[in-house]
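Structure incoming, see below.
Chain letters run A, B, ... following the sequence lines, proteins first, then strands; residues in each count from 1. Worth knowing before you read on, the calculation uses all heavy atoms, side chains too, and leaves out hydrogens, waters and symmetry mates.
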Amino acid sequence: MAKPTLLLIDGNSLAFRSFYALINQVDRFVSHEGLHTNALVGFNNLLDGIVDPFKPDKALVAWDAGKTTFRTNSFGDYKGNRDKTPQELVEQFEPMKKMVELHGIKNYQLVDYEADDIIGTIAAAGDAAGYAVTIVTGDRDMRQLVTDNITVWLTKKGITEIDKYMPAQVAEVYGGLTPAQVVEVKGLQGDPSDNYPGVPGIGEKTAIKLIQEYHSIPTLYEHVDEMKASKRKENLITYRDDAFLSRELARIRTDAPLEINLDDLDYQGIHYQALIPFYQQLDFKQQLVKLANMGYVAADAKPVTQQPLKWVTLDFENEAELNRIEDVLDVYVELDGENYHRANIVGFVVGNAQVGYFASRNVDYLTQDSPVRKLLQNSVLKKRVFNAKALTVALARYGVQLTGVTFDLLLVSYLLNVNDNSNDLGQVAHEHQYFDVATDEEVYGKGAKFQIPADDQVFFEHLGRKAQTIGQLEPALMQQLTDQQQARLYTEIELPLTFVLADMEMQGITVNADHLLAMQSKFSERLSELQQKIYQQAGHEFNIQSTKQLGTVLFEEMGLKSLKKTKTGYSTSVEVLEQMTDVPIVESILQYRQLSKIQSTYVDGLLRVIHGSDSKVHTRYLQTLTQTGRLSSVDPNLQNIPVRVEEGRQIRSAFVPSHEGWSIFSADYSQIELRVLAHVTGDMEMQKAFLADEDIHASTARRIFGIPLADPISPNLRRQAKAVNFGIVYGISDFGLAKNIGTDRKTAKQIIETYLTEYSGVKAWTQKIIETAREQGYVETIAHRRRYLKDIKAKNFNLRSFAERTAMNTPIQGSAADIIKIAMIKMQTALKTHGLNSKMLLQVHDELIFEVPAEELATMHQLVPEIMDSAVQLDVPLKVETHEGKTWYDAK
DNA sequence: CCCGTCACG
DNA sequence: ACGTACGTGACGGGA
């Protein structure tokens, strides 16, 4: 008969592991009550993944009781170099213990003892009582407890993967030693993380070798005199006491005076119903979904019944049934990659709840005349989709002109809350408390395991669920849009824009590959010259692109003074290097850096993404990503093509019109963010300056530096005033301004105060917007785009300050984004109504780029500014400047 | 996969 | 006393 099982869990060790596994995202895991939950998430995964399937007979989670233990009493420095446990973790301990209880497991801690000792003691008792004992921990030293009946499960890097240690595995990593000998090794080796010393110069390798030979520390010292003279022998003798002390510190106790025994440890099983309010409090949505799928729902929840799903595999027998579809069609198309300009359609589904859903992998239904194709191209039939832009572009490649989209789940979800921007339909649905659909990861797997199911039953059911979800969510989400006064933002801006963007992306922009190739060979020659020069200046070869190696060369070998550090080493950023240009190698490195950036990101990078079929690049604009409402551009990013430095700027000469004799034409808003600032703040002084079409930075300089009208403004003061204007838009701080204009903090502070006195409307507005953010929890743009600021009331100064700057910046940056989006929609319409052949190709936040036939140039110079500056009516005028040229470079 | 760096508005 | 300008994406290096 199988032995009874006893599961012992090292609470502290695993809490720390969980916390640091997600340390980078500590601020992304915060409950609505402001509690950090990253460690709780990790710990919960651990319970789910290891404990729950284990179903032990008895179980315990052991915790440290506090800072002092018998170890600190015997050795004051024990764990003396540990940083204080971060507050973000401390606050998670109590809920974590509650989580343990709700999973049916007892917690235990004991004054003066560490979790290890509790586990050691119970494990020994369990071993003696005939249990199969399993210990789960992140602490490698626990392996000393292993016996034939005690297995140690050690978490690897993350926390969900584990290595299992039985005596054989311990022997394997410890060169044939027994678990009991682990403390002998540790005694010699010491442990920097616990701050006990061991013997200097002896690491794990040597310690194992010595214990292999002498078996233990006491016997080693019996024979120490026989060792041949060496530094090691000297150290062993000198640090004898440390070795014995460290050995004791490393030894886990098996005789702690516990007040509990095995009878108290019966595993209770999971208290499902009680977990619901607990998970709700922590905002553990995924866990709630899992509970719901098991039939556990909150007492006050609407009953979750899995909706029935009507679906069939589309075939030539049943395709006629599609003709019964009227009013509305839900559509979902699955691609085999995220870049929809290249990816293939691997499956699709159309239908609605009344008639049912029709799924297929056969793209002939799309490429050839079929009922499906007719429905998709029928403009009267309302389509409900997820990611209309991707769908439009993908279908267009199969010859289908999708029309009549009224509901885009992804887009609507993003507008309701910019954080709900997952490209996974299931995840988005779960955000809206709709659980009748799984995520792609759940169905397809991820990483190397990703696979579209070969089984039609599985694949089509998932597709059907997705399509059905879109339809099910539409009424509630459209209502929420209305409630948040965002209906017009959706119907008049974002939804029409999505099709404008689809057009621009499909149009693409032609890139002259020969030109890039010429640049490539010129640059690589120059790069190897610079490389040789740098090797010479350094005295040896090294990887210039490695910040680590570069730091060693500059700050250790060459003895330059390090001016700034990053958390991983010396900073070698431009900012730092520019202060050391008197050293020749630094100058060379700066040149090398600049050139290799252009080469790798722009020359090589662009060449890689030119489509063979049309010699164009087709970016994808992400419409549902940024926190402010701007677009972003990927694959390639065409919103950060160099312009400020001449060498880089020449990249732009590779961007050319797609027809002989055409031109590249650009139109940009002048100072749009400051104009928006003048509008939203209602500041009369700033508005006057714009109404008079003054040079705004000069005008600001005049006011904040008190320069009489008769006097000219020096370029330096104008530059400073410009920095102040930028600072205001970004949510200014004296430190930031000082750094930017190279003055001291006090002066910067004075400048800001003067600015806010001179522009009192701006001052009043910044105070008001922060107040508003605190009251409603969000800020808005002129088109009612919304951004929630969860940290606006944070106790932590940094988090709160950041939220306050965001509160000021988002209405400005976001409203500017609203304006150009409106202009783009109007522009596309105007091109059509004027019967122009010019094409809008790119958007770069405050500028639009077109390709234009020669005969339309004059018209465009007039029409484009007209459309752009009348996109919205502000209290100050909008100003637009236009340029044209044979290439993008020349359109300046 | 994260970090430092650097390109843009 | 805190540490600090807003919003993005791509690259190479190195765990």
Side-chain angles (χ1 to χ4, degrees), chain A residues 21 23-25 157-158 418 447 542-551 564-577 589-590 592-606 608-609 619-622 625-645 647-649 651-652 668-669 671-673 677 723-741 745 748 752 787 794-814 816-817 820 842-847:
Chain A
I23 183 70
N24 297 319
Q25 302 180 44
K157 232 185 183 175
V418 289
F542 67 102
N543 189 336
I544 306 167
Q545 314 236 65
S546 159
T547 49
K548 201 172 158 205
Q549 294 180 35
L550 180 60
K564 201 177 145 202
K565 291 224 158 204
T566 66
K567 51 184 159 180
T568 52
Y570 307 108
S571 170
T572 65
S573 65
V574 184
E575 220 186 316
V576 170
L577 296 188
I589 287 162
L590 284 169
Y592 183 89
R593 280 252 181 96
Q594 194 177 75
L595 212 57
S596 71
K597 171 87 182 182
I598 299 170
Q599 183 80 307
S600 65
T601 304
Y602 298 104
V603 179
D604 299 345
L606 276 173
R608 268 200 297 275
V609 293
T619 187
R620 282 178 296 137
Y621 288 105
L622 305 187
L625 181 135
T626 70
Q627 298 289 301
T628 55
R630 275 189 175 181
L631 301 175
S632 88
S633 158
V634 295
D635 242 9
N637 180 356
L638 295 180
Q639 291 182 320
N640 72 346
I641 303 299
V643 66
R644 294 170 191 170
V645 180
E647 285 101 316
R649 189 173 193 149
I651 292 287
R652 295 186 171 218
D668 64 284
Y669 283 112
Q671 310 294 358
I672 188 166
E673 291 194 346
L677 180 70
V724 174
N725 279 330
F726 269 100
I728 294 294
V729 169
Y730 293 155
I732 200 155
S733 75
D734 51 10
F735 183 93
L737 180 65
K739 199 167 96 181
N740 200 290
I741 61 178
R745 227 170 130 161
I752 293 168
R787 180 176 187 179
K795 295 227 167 41
N796 179 311
F797 175 88
N798 277 329
L799 288 180
R800 190 177 64 249
S801 303
F802 186 40
E804 288 172 357
R805 292 197 294 273
T806 311
M808 296 185 255
N809 175 263
T810 296
I812 300 168
Q813 190 181 115
I820 194 164
L842 304 176
Q843 187 251 43
V844 191
H845 309 306
D846 65 356
E847 66 176 321

| message | Once hydrogens and angles are ignored, does a donor-acceptor distance under 3.5 Å link the base of C:dC6 to the side chain of A:Q813? | response | yes
Note to self: Is the base of C:dC2 stacked against the aromatic ring of A:F797, taking ring centres under 5.5 Å apart and planes under 30° as the test?
What the structure shows: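 Ring-base stacking flag not set for A:F797 and C:dC2.
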Under 4.0 angstrom, heavy atoms only, what part of the nucleic acid is A:D635 near: base, sugar-phosphate, or nothing? sugar-phosphate
- Have a look at A:R608 and say if it touches a base, only the backbone sugar-phosphate, or nothing, with a 4.0 Å heavy-atom cut-off. sugar-phosphate
Query - P gap between B:dC3 and C:dT4, integer Å - result: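 Per the computed distance, 15 Å lies between those P atoms.
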What's A:S733 touching, base or sugar-phosphate or nothing? Going by heavy atoms closer than 4.0 Å.
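Base contact - A:S733 has a heavy atom under 4.0 Å of at least one base atom.
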- [ ] Would you mind classifying the nucleic acid contact of A:I598 as base, sugar-phosphate or nothing, using non-hydrogen atoms under 4.0 angstrom?
- [x] nothing
Q | Whole-Å P distance, C:dA5 and B:dT5 | A |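 Going atom to atom, P in each nucleotide, I get 14 Å.
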_Using a distance-only criterion (donor-acceptor N/O pair, under 3.5 Å, no hydrogens), is the base of C:dT8 paired with the side chain of A:S632?_
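No such pair is found, so the answer is no.
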With a non-hydrogen cut-off below 4.0 angstrom, is A:R787 in contact with a base, only sugar-phosphate, or nothing? sugar-phosphate
**Sugar-phosphate, base or nothing in reach of A:E847, heavy atoms under 4.0 Å** =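 Since no nucleic acid heavy atom lies under 4.0 Å of A:E847, the category is nothing.
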*Is there a donor and acceptor pair closer than 3.5 Å between the side chain of A:R593 and the base of C:dG12?*
no
Inset, instruction - Have a look at A:T810 and say if it touches a base, only the backbone sugar-phosphate, or nothing, with a 4.0 Å heavy-atom cut-off. - result: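 No contact at all - A:T810 keeps every heavy atom at 4.0 Å or more from the nucleic acid.
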